[in-house]
Each structure stands twice: as structure tokens, then as C-alpha cells.
Amino acid sequence: MVKENLLEVEKHIQAACKRAGRDRSEVTLIAVSKTKPVSMLNKAYESGIREFGENKVQEMMDKYDELPSDIHWHMIGHLQRNKVKYLMGKSYLIHSVDSLRLAQEISAQSVKHGVETDILIEVNIAGEETKFGISGEETIQLVTEAAKLPNIHIQGLMTIAPYVEDPEENRMYFRKIKELSVDIADKKIDNVHMRILSMGMTGDYEVAIEEGATMVRVGTGIFGERNYGLKS
Ligand SMILES: *Cc1c(COP(=O)(O)O)cnc(C)c1O
């Protein structure tokens, strides 16, 4: 099932790239494997997937130990400061930095462990109260402050768009965050790159690609529905 799903997702990614006049190589597919067993991740790995996304530190660490070492692990979930230390040298990219205090902790732990850590700033572009992430207005301030910290490197922005029936409803949010990333890039702040735009999930990744996503995070579309009642 995983292999067939991946072929399907790949087809949609290629079609979206084509519609947008973009090269397929500009978009990285992250397989979001939270709650899913290692056996399913192995299936995706056999299909060539090397980018996996998890939203819990402990679960990521467990899977890290069980799967091949050439995998890039993406931390996409809300991150508590006391857990940052476990990710050092293991997480390829932390997508969910939404406060200066968290950025400071990632910086401090990176220094302590002698590693460099790439991060994205999570923007709550639709201003939903139930979501983590900072507002568009706060983003430039956080980027400016976090850029001064040692051993961390801001590589772009991440957003979780609202859950909608029709993905077209999210197009304006994807467009807004793309504009924000261009505005920030134009400021040419030291140690700030806007080369990554992490946006788009199972329901809306094609629209996200059309609007400039460079990373899409697809879970359900690859691994099927998650059952939180049985596994967490
Ligand atoms: C779970 C999750 C995804 C994947 O969601 P699907 O709708 O299953 O594709 C993407 N991004 C984040 C931050 C998530 O927590």
C-alpha cells in the first residue's frame, strides 16, 4: 500500500510542478510517519524515501535507532525546550521554531554538542488560535533576533494551513507566506536564508507546490489514516 501511495503522490507532485513551471527537483517530499510502525517506514525507505517527518521527540529517537542512518529526520511538531537536547545531531531540520526562547535553547544545545542546527520559523499565517506558530508581523522580529545566535541557521519558513475541504481555500495563505519569505530574503539579514518553504499536507500539497513550497509534508496520503486510539 505504501509503495502504491507513494507512486500516486509522486504523480501529483510532478503534475503540480508542471502546472507551476517548476522543476521537480525544487520540491522535497517529506513522508510524515508519526504514529506509524517502523515496518511501514521501511516500506517507504525501500521506495527511495529518505526524508521522514515526526512530531514527537521520543518517537523520532526510537525510530532513529531502528532505521538506516542515511535518513534525514525532520522535527515538525511543537517542541518543548527541555527536549531539544535529544535532537542534537540527529534532526536534519527543525521546522517548528516559534519563539526566541526555543531558538536560544536550540542554539545553546548546539554549541554544547558542537553541532550546527538548521531551523525553520513556524508561522501561523491564518492566525488560528488553536495552532502554534507566530504571526506574520512577529516573524521578521524573531528572524532578526534568532539570526544572531551561534550554531543555528534559519533556512526558511514553515506553516500549517487550516484544515479545509477545498484546498483552493488555502491558496491565499500559501501565497502570503511566500510573499513574507521574499520580503525577509530582501532584507539580506546575516545568517538568514529563505531557501526553504515547508508547506502543504495531504489535503493541499498540490496547491502549496503551485504557490512555491519547496518541502511538502505528506502523512495520510502515504501511510493512510492515523489511529490515535491504538498508537500515539
Ligand atoms: C501530521 C502532520 C502532517 C501530515 O498531515 P497529513 O494530513 O496526514 O498529510 C504535516 N505537517 C505537520 C506539522 C503534521 O503534524
Side-chain angles (χ1 to χ4, degrees), residues 1-13 16 27-37 40-41 43-44 47 49 51-61 63 71-80 83 87 91-99 102 118-134 139 155-171 173-174 177 196-232:
M1 210 46 206
V2 169
K3 290 185 181 181
E4 288 80 1
N5 288 345
L6 273 168
L7 288 175
E8 198 60 26
V9 170
E10 180 57 36
K11 226 164 61 187
H12 288 296
I13 291 175
V27 180
T28 300
L29 170 62
I30 300 173
V32 176
S33 47
K34 61 192 187 198
T35 80
K36 298 297 178 182
M40 287 183 94
L41 278 74
K43 286 271 183 299
S47 291
I49 295 292
E51 317 287 325
F52 288 90
E54 290 283 339
N55 70 339
K56 293 207 169 77
V57 173
Q58 185 60 53
E59 189 176 346
M60 181 188 281
M61 294 302 98
K63 288 172 173 171
I71 287 175
H72 290 160
W73 292 97
H74 296 257
M75 174 42 65
I76 60 173
H78 183 65
L79 184 56
Q80 288 169 316
K83 303 228 171 114
L87 295 178
S91 176
Y92 175 73
L93 180 65
I94 300 175
H95 292 230
S96 43
V97 177
D98 63 355
S99 72
L102 178 57
D118 285 336
I119 64 169
L120 303 180
I121 303 299
E122 181 175 351
V123 185
N124 183 352
I125 200 73
E128 289 180 289
E129 277 182 25
T130 53
K131 293 240 166 86
F132 293 107
I134 57 170
T139 303
Q155 301 292 356
L157 306 178
M158 178 270 225
T159 199
I160 304 174
Y163 181 79
V164 289
E165 287 290 319
D166 177 5
E168 283 299 328
E169 289 175 45
N170 281 337
R171 188 179 293 278
Y173 294 125
F174 295 141
I177 195 161
I196 297 177
L197 209 45
S198 169
M199 61 186 191
M201 301 168 38
T202 295
D204 55 19
Y205 66 91
E206 292 161 80
V207 175
I209 289 169
E210 288 169 15
E211 297 301 330
T214 69
M215 285 186 176
V216 292
R217 309 178 308 265
V218 179
T220 310
I222 296 172
F223 298 108
E225 296 286 339
R226 287 175 292 273
N227 190 336
Y228 287 100
L230 294 174
K231 280 190 184 298
S232 66

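If you read the sequence from its start, that first residue is 1, and numbering goes on from there. Both counts, for ligands and for their atoms, begin at 1 and track the order of listing.
Set against the non-hydrogen atoms of Val218, the atoms of ligand 1 under 4.0 Å away are 9 (O). The contact set between ligand 1 and Thr220, taken as ligand atoms under 4.0 Å from a residue heavy atom, comprises 6 (P), 7 (O), 8 (O), 9 (O). Close approach of ligand 1 to Arg217 (heavy-atom distance below 4.0 Å) involves ligand atoms 4 (C), 9 (O), 10 (C), 11 (N), 12 (C), 13 (C).
Ligand 1 has no nitrogen or oxygen under 3.5 angstrom from a nitrogen or oxygen of Asn55. Between Gly203 and ligand 1, not a single N/O pair is under 3.5 Å apart.
The single protein non-hydrogen atom nearest to atom 5 (O) of ligand 1 is Met201 CE, 3.4 Å, given as residue, atom name and distance. Nearest to atom 9 (O) of ligand 1 among the protein's heavy atoms is Thr202 OG1, 2.4 Å. Protein heavy atom nearest atom 12 (C) of ligand 1, with residue, atom name and distance: Ile76 CD1, 3.5 Å.
No side-chain heavy atom of Val9 sits under 4.5 Å from any side-chain heavy atom of Val216. Looking at heavy atoms from C-beta onward, Met215 lies in side-chain contact with Leu93 at the 4.5 angstrom threshold.
The aromatic rings of Tyr92 and His72 sit parallel to each other, their planes meeting at less than 30°, with 60° as the upper class boundary. Using a 30° and 60° split on the angle between ring planes, His78 and Phe132 fall in the parallel class, below 30°.
Proximity of His95 to ligand 1, defined as any heavy-atom pair under 4.0 Å, is not found for any part of the residue.
Residue Glu225 qualifies as open at atom CD: its count of foreign heavy atoms under 6.0 Å is 12 or below.
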Requested in this report: Check the pair Lys56 / Glu59 against salt bridge (charged side-chain N to carboxylate O under 4.0 Å, His left out), numbers first and verdict last.
Outcome: CA-CA 5 Å; Lys56 293 207 169 77; Glu59 189 176 346; 5.4 Å; no

Query - Candidate pair Arg171 and Glu210, rule salt bridge (charged side-chain N to carboxylate O under 4.0 Å, His left out), full reasoning - result: CA-CA 9 Å; Arg171 188 179 293 278; Glu210 288 169 15; 2.7 Å; yes

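Among Lys34, His78, Glu122, the residue whose heavy atom lies closest to atom 2 (C) of ligand 1 is Lys34.
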